[in-house]
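The figures that follow rest on heavy atoms only: side chains count, while hydrogens, waters and symmetry mates do not. Read the numbers this way: they start at 1 and go in the same order the structure lists the ligands and their atoms.
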Amino acid sequence: MRVRERQSEAWPVDPSRHGQVESTGGLRPRRICVVGCGYVGLVTATGFASVGHYVVGLDNDQSRIQMLREGRVPFFEPGLEEKVRENQAEGHLAFITDYEEAIAGAEFVFLAVNTPEHGDGCPNLTNLWQAVLTVRKAARDHRPIIMVKSTVPIGTTQALASLLNTVSDNGTPWSVVVNPEFLSEGQALNAFLHCDRVVLGSNDERALREAASLYDSFDCPIVSAEFATAETIKYASNAFLATKLSFINEIAFLCESLGVDVREVARGIGLDPRIGLSFLKAGVGFGGSCLPKDTRTLVNLAREAGEESTLFPAVMRVNDRRRAVVVDRLRQALSGLEGRVVCLWGLAFKPNTDDIRDAPSIDIIRLLLADGAIVRAYDPMANARVGALFPQVTYCPDALTACEGADALVLLTEWQEFEGIDLQEARRRMQGDVLLDGRYVWQRSHVETAGFRYLNLAPAQPIRTPIHR
Ligand code: UGA
């Protein structure tokens, strides 16, 4: 890959400043630009810098770039901020807003812009197309390999490659590789660096080889495929995880009705290696920016391809039902919710993140407020984000304060601090005695010994609280 010398000299993380180009675990350090410093982009940039590549993070948002330069990460992700600082200090990572400068020295350009959901259940690709056009213009006659990290519907990367090559003005073709990301929030950097597999999709053999070399120091298989296959692997992975969760949540409904502990059932089936123990924790359902969105997109993609999916709509229905049943059970236990005080522990879509996108808490708060309940809440990291959506909720600085005067306590996100919390003290501060453990964190006997009436997630028949999307 030839890079124009004049411009590479000015590149913000020029390897030549480090004297001899070092090699980490057999890795040839490369120059990477990551477009989009959101969740996936920032983790990708930091991850590659950590293994010895030279990375420039690019974002249109000047204030975000300024924060990152100061070593501050605009969202909560354990360990990420330290690594951002460390890699900047070591000259492996820099953040800028200037496309021309960032692209000029890069051998690879990762597109990691967000693709939020349209109202119609399909991702909005406006940011992606905008980024492609800007990269193309900024690159002039230079041809870095374009790496698509954003989750894109099947067929998008082919269309993107065609677009770039149709308008190529100097005859030098663009190489495009789709490289879906499988990292998981709350343990993102670790998941990036210790991934189970790298998936690469392209119709360009040389680009596939080059892209694979970025991961030379990773100890995992590399799956190389066509564009559409790689894109499908990403959707199928998330849809499988969603299906596994709705499976155990459906079993949980049955267990509740039969008085069986779903955790024991999950362990009993998960020890079969064909099933596996992970993603078998029942609860109030899955949320986040990926599993729900990608499962819905798959339904749409199937429909567009002339296939009517029966499984995935059911997966989503089970998930919605888990949220709705929380409100049904509380309404039943408190003989109506009007004027009742409900305390929620945990608002983020899962522990160790402040992300509230499609979090069960959002639907549940909306339904509780619609029924006239008074909601008090505590989350170690997500109070402010939910506060921006529901100012009428009282957000508390700690879990026990949140319980004060409550008629019912509901655990929605299994942050570790809730596991060992003093439930007797929580009960003392409440006026009511109802506890609903939405994540199966405690044993029923432990809850009852603390003086609570244990509410399970047994389905009311018929369910009264439909989730409208
Ligand atoms: C998910 C996938 O796990 C990643 O592999 C993928 O890269 C990512 O989406 C993405 O497409 O970017 P993430 O959204 O961070 O990652 O969260 P998960 O760990 O998958 O959890 C999703 C939801 O499932 C959470 O609400 C969590 O509470 C719930 N969950 C998870 C359970 O209810 N039980 C479990 O056993 C596991």
Side-chain angles (χ1 to χ4, degrees), residues 36 38-44 47 75-78 80 112-117 123 149-153 179-192 194-199 231 233-252 262-263 265-267 269-270 275-298 315-316 318-320 322-323 326 346-364 379 382 411-416 418 437-441 457:
Y39 207 89
V40 170
L42 189 56
V43 174
T44 303
F75 48 83
F76 175 68
E77 173 61 40
L80 187 59
V113 293
N114 65 339
T115 53
E117 196 169 359
K149 257 288 171 215
S150 307
T151 298
V152 291
N179 176 205
E181 184 49 59
F182 301 99
L183 62 82
S184 180
E185 293 188 22
Q187 46 193 14
L189 202 54
N190 205 33
F192 179 87
H194 304 284
C195 52
D196 320 298
R197 79 296 204 191
V198 168
V199 174
E231 290 165 337
I233 289 171
K234 169 67 190 182
Y235 280 102
S237 297
N238 276 355
F240 181 84
L241 295 175
T243 305
K244 199 170 177 189
L245 290 175
S246 278
F247 168 84
I248 197 64
N249 281 327
E250 181 89 350
I251 293 288
V262 66
R263 290 168 292 197
V265 175
R267 183 171 146 73
I269 61 175
I275 296 172
L277 284 165
S278 66
F279 271 72
L280 276 186
K281 273 199 271 160
V284 292
F286 58 82
S289 65
C290 306
L291 261 50
K293 178 185 84 160
D294 291 353
T295 308
R296 283 193 285 265
T297 301
L298 208 51
V315 165
M316 293 310 300
V318 172
N319 201 48
D320 284 347
R322 292 300 281 181
R323 297 174 180 200
V326 171
L347 302 169
F349 85 97
K350 69 175 186 179
N352 300 321
T353 179
D354 57 359
D355 197 339
I356 57 160
R357 286 175 289 177
D358 219 333
S361 64
I362 304 298
D363 275 332
I364 289 167
D379 185 282
L411 182 121
L412 292 181
T413 316
E414 70 281 28
W415 286 90
Q416 204 174 352
F418 297 134
D437 177 0
R439 294 287 181 180
Y440 301 94
V441 163
L457 285 169

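In terms of heavy-atom proximity, G186 sits nearest to K350 at N-CE, 4.5 Å. Counting all heavy atoms, side chain and backbone alike, Y440 lies closest to A252 at OH-CB, 3.8 Å. Between R439 and P360, the closest heavy-atom pair is NH2-CG, 3.9 Å. Pairing each heavy atom of S361 with each of G346, the nearest pair is CB-O, 4.4 Å. The two atoms that bring D294 and K234 nearest to each other are OD2-CE, 4.0 Å, heavy atoms only.
Atom 3 (O) of ligand 1 has its closest protein heavy atom at L241 CD1, 3.5 Å. Protein heavy atom nearest atom 31 (C) of ligand 1, with residue, atom name and distance: F279 CE2, 3.7 Å. Taking atom 2 (C) of ligand 1 as the reference point, the nearest protein heavy-atom neighbour is N238 OD1, 3.5 Å. Counting only heavy atoms of the protein, atom 1 (C) of ligand 1 lies nearest to L291 CD1, 3.6 Å. Nearest protein heavy-atom contact of atom 23 (C) of ligand 1 is F286 CB, 3.5 Å. Counting only heavy atoms of the protein, atom 6 (C) of ligand 1 lies nearest to L183 O, 3.3 Å.
Distances from atom 11 (O) of ligand 1 to the heavy atoms of E181, K234, K293 put K234 nearest. Of the candidates L245, D358, T151, L245 brings a heavy atom nearest to atom 35 (C) of ligand 1. In this comparison of E185, R439, K350, the heavy atom closest to atom 17 (O) of ligand 1 sits on K350. Considering each of F349, F240, Y235, the one bringing a non-hydrogen atom nearest atom 28 (O) of ligand 1 is F349.
Heavy-atom contacts from other residues, nucleotides or ligands closer than 6.0 Å to CZ of R197 number more than 12. Atom CZ of F182 has more than 12 heavy atoms from other residues, nucleotides or ligands within 6.0 Å.
Ligand 1 has an N or O atom lying under 3.5 Å from an N or O atom of K281, backbone or side chain. The shortest N or O to N or O distance between F182 and ligand 1 is below 3.5 Å. The distance criterion of under 3.5 Å between nitrogen or oxygen atoms is not met by C290 with respect to ligand 1.
For the ligand labelled ligand 1, residue G287 lies inside the 4.0 Å heavy-atom shell. For E414, the heavy-atom gap to ligand 1 stays at 4.0 angstrom or more.
Contact check on R322 versus D363 returns no salt bridge, with no Lys/Arg side-chain nitrogen under 4.0 Å from an Asp/Glu carboxylate oxygen.
In terms of the side-chain hydrogen bond (donor to acceptor under 3.5 Å, both in side chains) criterion, residue partners of T115 (sequence neighbours excluded) are, by chain and number, K293.
Here the CG atom belonging to L245 is positioned 6.5 Å from the CG atom belonging to L291, to the nearest 0.5 angstrom.
Near L280, the atoms of ligand 1 lying under 4.0 angstrom from a non-hydrogen atom of the residue are 36 (O).
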